[in-house]
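Here's the structure, in structure tokens; my notes come after.
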Amino acid sequence: ELEKRFAGKIVALVAQRKVTKRPTNVYALQQVQRSTTRTAVNESILNDLIFPADVVGKRWRFRTDGSKITKVFLDTREKKKIESRLPMIALLYKKLTCRTVTFGFMW
């Protein structure tokens with residue numbers, strides 16, 4: 001609906017999420033909810049950004065300098081809808097989570 005109103009613009013909606021601090025006590029660590037961990041929040045942000053498409057697979061590539069790149073493979077059925085938005089989604093994900101991501105299509 002918003003993309004119809006703002007013709008020619010790309011609209012992305014992301015829910016507000018909270019990351020809880022990792023406790024130093026081992027017993028308190030067992031009580032941390034999975035949905036508030038950094039990994040779960042970053043996955044939820046990625047799912048919000050690529051909404052019409054589904055994630056089919058993920059691969060992590062570790063470079064020799066220690067940096068990590070996430071390769072996300074999307075379902076081919078939504079390729080027409082989302083392909084033009086992928087560079088913007090990668091830039092937004094980098095700004096929100098400080099993680100580098102690349103996209104590809106599988107099947």
Side-chain angles (χ1 to χ4, degrees):
E1 195 64 34
L2 289 174
E3 288 182 352
K4 291 178 185 176
R5 185 175 291 171
F6 301 112
K9 307 252 182 185
I10 297 173
V11 178
L13 298 176
V14 179
Q16 183 176 0
R17 305 198 191 286
K18 183 177 180 182
V19 177
T20 56
K21 185 178 178 183
R22 187 179 173 97
T24 56
N25 185 0
V26 175
Y27 299 107
L29 182 64
Q30 296 172 355
Q31 298 171 355
V32 173
Q33 291 181 354
R34 167 84 170 108
S35 62
T36 59
T37 61
R38 180 176 302 274
T39 304
V41 168
N42 289 344
E43 287 177 5
S44 299
I45 288 172
L46 182 63
N47 287 333
D48 287 347
L49 288 174
I50 61 165
F51 168 64
D54 295 326
V55 175
V56 177
K58 284 186 185 177
R59 304 289 183 268
W60 290 272
R61 181 175 177 215
F62 296 92
R63 292 184 173 171
T64 55
D65 63 352
S67 63
K68 181 169 80 167
I69 295 177
T70 306
K71 290 185 178 184
V72 178
F73 297 103
L74 305 173
D75 196 8
T76 311
R77 287 180 283 169
E78 304 293 337
K79 187 174 184 177
K80 291 179 184 176
K81 293 180 184 177
I82 202 165
E83 192 169 26
S84 62
R85 298 174 54 192
L86 289 181
M88 187 267 316
I89 291 172
L91 182 68
L92 271 176
Y93 189 74
K94 174 76 173 174
K95 289 284 185 180
L96 291 173
T97 62
C98 299
R99 291 185 175 185
T100 308
V101 67
T102 58
F103 295 101
F105 292 96
M106 191 177 284
W107 296 309

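Note that this is a predicted model, so its numbers are computed, not measured.
Looking at residues two or more places apart in sequence or on another chain, you find no salt bridge (Lys or Arg N to Asp or Glu O under 4.0 Å) involving R59.
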Walk me through it: do R99 and I45 pass the test side chain to side chain contact (heavy atoms under 4.5 Å, CB included)? CA-CA 12 Å; R99 291 185 175 185; I45 288 172; over 6 Å; no
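To the nearest 0.5 angstrom, L92 atom CG is 10.0 Å from T97 atom OG1. Here the CG atom belonging to L91 is positioned 10.5 Å from the CG atom belonging to L49, to the nearest 0.5 angstrom. E78 CD to F105 CZ: the interatomic distance, rounded to the nearest 0.5 Å, is 9.5 Å.
Between F103 and I50 there is a side-chain heavy-atom pair separated by less than 4.5 Å. You'll find the side chain of T100 reaches within 4.5 Å of the side chain of K94, heavy atoms only.
Shortest non-hydrogen contact noted between R17 and D48 is NH2-OD2, 2.6 Å. Contact between L46 and K58 at its shortest, heavy atoms only, is CD2-CE, 4.2 Å.
When the side chains of ILVMFWY residues are joined at heavy-atom separations under 4.5 Å, either directly or via intervening members, F51 and M106 end up in two distinct hydrophobic clusters.
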Using atom types as modelled, flag every donor-acceptor pair under 3.5 Å from a side chain in residues 67-74 to any protein atom, sequence neighbours excluded.
from: S67; atom 1: OG; to: D65; atom 2: OD1; distance (Å): 2.9

